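Notes follow once the structure below has been shown.
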Amino acid sequence: MALTLNNNTKDRPLCCTMSSCCSTKDGCSANGQGNGDKIHDEVKEYYGKKVKTQKDLETKACLMMPSKIPSHVKQALSAVHPEVAARYYGCGLVVPECLEGAHVLDLGSGTGHDCFALAKLVGEKGHVTGIDMTDEQLDVAREYVDYHRDKFGYSKPNTDFVKGYIEKLGEAGLEDSTFDIIVSNCVVNLSPDKAAVLREGYRVLKPGGELYFSDIYADRDVPEHIRKDKVMWGECLAGALWWEDLVTLAKEVGFCTPRLVSAGLVNLDDNKPMKDLVGDIKFVSVTYRLFKLPQNTSKEPAQVVYNGSVTGHETNLKFDALHTFQEGDVVEVDAELSAILQESRFADDFTVRPASKKSKADPKLCCSGAKGVPTNPFEGPLDKESSSCGPKGCC
Ligand SMILES: C[S@@+](CC[C@H](N)C(=O)[O-])C[C@H]1O[C@@H](n2cnc3c(N)ncnc32)[C@H](O)[C@@H]1O
């Protein structure tokens, strides 16, 4: 990708934020992969050999959760087998709303913590596929498929685990337009080629589908001396994108503007050497939702009314950091959000009517909306914290 961006500090090729390619003297390699194979091998070693349970992690970057979790989600999380829960290395809650019957893909599913919780929430008619490149992680996940089928009382398992790279979903046999939702928890930062991950995710999502994922971001480009540090990479910090690059990349690939759901600062107080190494760089764990709209969707601002039909969110639906829809309230939304609500799995949960004349004439509503699209995780209240995840669950 020959894209050049204005950084907060300097002009630089975007691929340099996505890989260790800047360790080459001339900047980017042609395909932005840099030494991608080496990174894959080192990450496999980290999550296959070094880290066996949460206790082996050097920081809490991969152990974060929002402070408020809906009770039906807490229940699903607490049903996950303790052996699997002890190997949860996520940085957020990747449980979007409106899951019944959905086909979900989890990128970098590890030992299956999120897959099994989602398996409960999608129900017997839904299905969850996890993909991971590390055999040791997949082995544990597969060992507990039948346990969770029994626990949820399903006649056959509704989870499966596939070996493969998240940058090459096609090689793993995942076809175009097959998933309603993709989730991922603390994995994209580990990839040497974030653009390929987003492109592949976009390809396998159905039109109207959603990528809902938690990951670590930095408030600037992470410098080379940190990117080269294997432990910092394994701990999900060295490969973190500058958050603005995620926004640019997502739009390049074709997604709508990423919508911030929640964010929390990563606290490195427990690890002084790492804290000293990063200096004043701030890292944040963020959950974003990115929608894939059908081709040629027309976008007009609208008035929408939430009808209270999403399980567990009957009185209100928090859609992103700026939009919480109260059941029955009439809300003016911008053109993009109106298209998302009409073209996604939320279509039946909203009544949509034309925007008022006043708001139609409002250029803000036409493009970004009165409230705007929340994207900056360093702005506004931060609401994730280090979780108390462990063998007993995540709540
Ligand atoms: C930090 S762990 C998170 C695991 C899981 N999402 C969870 O929350 O417990 C990262 C996982 O992503 C996998 N992974 C990292 N990079 C990957 C890639 N490029 N392709 C496939 N899997 C990858 C690792 O093998 C590991 O299991």
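Position 1 is the first residue of the sequence, and the numbers go up from there. Remember, it's 1-based here, ligands and their atoms both numbered in the order they're listed. All figures in this text were calculated on a predicted structure; none of them were measured in a lab.
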Checklist entry - Do the side chains of Val231 and Ile39 join up, straight or via other hydrophobic residues, at under 4.5 Å, putting them in one cluster? => result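 Yes; Ile39 is reachable from Val231 via cluster members.
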Checklist entry - In terms of the angle between their ring planes, are Phe325 and Phe350 parallel, tilted or perpendicular, with boundaries placed at 30° and 60°? => result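 Perpendicular.
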Next on the checklist: For Tyr89 and Tyr47, take the angle between the two ring planes, folded into 0 to 90°, and tell me which bin it lands in: parallel under 30, tilted 30 to 60, perpendicular over 60.
Outcome noted: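 Rings of Tyr89 and Tyr47: tilted, 30 to 60°.
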Name each N or O atom in ligand 1 that is under 3.5 Å from a protein N or O, and give the partner atom and the distance.
unit_1	atom_1	unit_2	atom_2	d
ligand 1	6 (N)	Gly108	O	2.7
ligand 1	6 (N)	Asn185	O	3.1
ligand 1	8 (O)	Gly90	N	3.4
ligand 1	9 (O)	Tyr89	N	2.9
ligand 1	19 (N)	His40	NE2	3.3
ligand 1	19 (N)	Glu167	OE1	3.2
ligand 1	19 (N)	Glu167	OE2	3.0
ligand 1	20 (N)	Ile166	N	3.1
ligand 1	22 (N)	Met133	N	3.3
ligand 1	25 (O)	Asp132	OD1	2.6
ligand 1	25 (O)	Thr134	OG1	2.5
ligand 1	27 (O)	Asp132	OD1	3.3
ligand 1	27 (O)	Asp132	OD2	2.7
ligand 1	27 (O)	Gln137	NE2	2.9

Item to check | Atom NZ of Lys230 with >12 non-hydrogen neighbours under 6.0 angstrom | outcome: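 No, not enclosed.
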Item to check | Pair Phe116 + Phe161: ring centers closer than 6.0 Å | outcome: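 Yes - the distance between ring centres of Phe116 and Phe161 falls below the 6.0 Å cut-off.
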Next on the checklist: Checking Tyr46 against Glu235: is there a side-chain donor and acceptor pair closer than 3.5 Å?
Outcome noted: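 Indeed, the side chains of Glu235 and Tyr46 share at least one donor-acceptor pair under 3.5 Å.
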